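Down below is the structure, laid out as structure tokens.
Remember, predicted model here, so these are calculated numbers, not experimental data. Naming: A, B, ... by sequence-line order, numbering from 1 per chain.
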Amino acid sequence: SPEEDDALRDYMQRHGNTGSWITLPNKAGEFARSLPLPCPAVPLIVLDGCLIVLVGLKRCGKSCRLRWLNYLRPDIRHGGFTDEEDTIIYSLYSQLGSKWSLIASQLERRTDNDVKNHWNTKLKKRL
DNA sequence: AATTTTTGCAACCGCATGACA
DNA sequence: TTGTCATGCGGTTGCAAAAAT
């Protein structure tokens, strides 16, 4: 949800991930709780006249890691692959095969997942 | 306008690797 | 050495949105 993204982004931008991904959901949850209300990272619900504050990230560390690295991380670009990038991807794929992490590392601010998706949905069928 | 089909892609799964005990 | 645990990686999929009918 947008609230979960806010909590994860807020925590990562202020602290970075110093410890393990496994323990991050609890830390990010506690961090969100410590912010002054109303804070967008802390979802609020009014039920039967009572204010309910949802705390913690109800996600496993693996999901948080993937969400941050492939999507929320600010220093990455999504979509809009240029012809130059396509050329590089074709070239590297012909040399390396589906080494998406390696191929992505040769492009500017691209994730392996995005390069893989771009290949599977666009480039592959042009061959 | 309503319904069906296709497409795009974020997220999931299982496995490999490496660190550490 | 063997076992455990966290992370990185690539194949695959669920499903919402877009396109087609």
## Note on the structure
Applying side chain to side chain contact (heavy atoms under 4.5 Å, CB included) to A:Lys125 and not counting sequence neighbours gives none

### Query
When you list every nucleotide of DNA chain C with an atom under 4.0 Å from a heavy atom of chain A, which one comes first 5' to 3', and which comes last?
C:dA6 to C:dT12

### Task
Enter the inter-axis angle for the ends of the helix from B:dA2-C:dT21 to B:dA21-C:dT2 (five pairs per end, rounded to 10°).
0°

### Query
With sequence neighbours left out, what residues match A:Leu107 under side chain to side chain contact (heavy atoms under 4.5 Å, CB included)?
A:Glu85, A:Ile88, A:Ile89, A:Arg110, A:Val115

### Task
Sequence neighbours left out, what passes salt bridge (Lys or Arg N to Asp or Glu O under 4.0 Å) with A:Arg65? Give chain and number order.
none

### Query
Going by an N to O cut-off under 4.0 Å, is there a salt bridge joining A:Glu108 and A:Arg77?
no

### Query
Do any N or O atoms from the side chain of A:Glu4 and from the backbone of A:Ser1 form a donor-acceptor pair under 3.5 angstrom?
yes

### Query
Can you pull the side chain to side chain donor-acceptor pair (under 3.5 Å) pairs that have at least one residue in residues 92-106 of chain A, sequence neighbours excluded?
A:Ser91-A:Gln95

### Query
Where along residues 98-106 of chain A does a heavy atom fall under 4.0 Å from DNA chain C?
A:Ser98, A:Lys99, A:Trp100, A:Ser101

### Query
Base, backbone or nothing for each nucleotide of nucleotides 11-19 of chain B, written B, S, -, heavy atoms under 4.0 angstrom, 5' to 3'?
BB-BB----

### Task
Could you tell me which residues satisfy ring-ring contact (aromatic ring centres under 6.0 Å, His included) with A:His15, sequence neighbours excluded, listed by chain and number?
A:Tyr11, A:Phe31

## Note on the structure
Residues passing the salt bridge (Lys or Arg N to Asp or Glu O under 4.0 Å) test with A:Asp75, sequence neighbours excluded, are A:Arg73

### Query
Heavy-atom contacts under 4.0 Å between residues 74-89 of chain A and DNA chain C, which residues?
none

### Summary
Residue set satisfying side chain to side chain donor-acceptor pair (under 3.5 Å) with A:Lys116, at least two apart, ordered chain then number -> A:Asn113

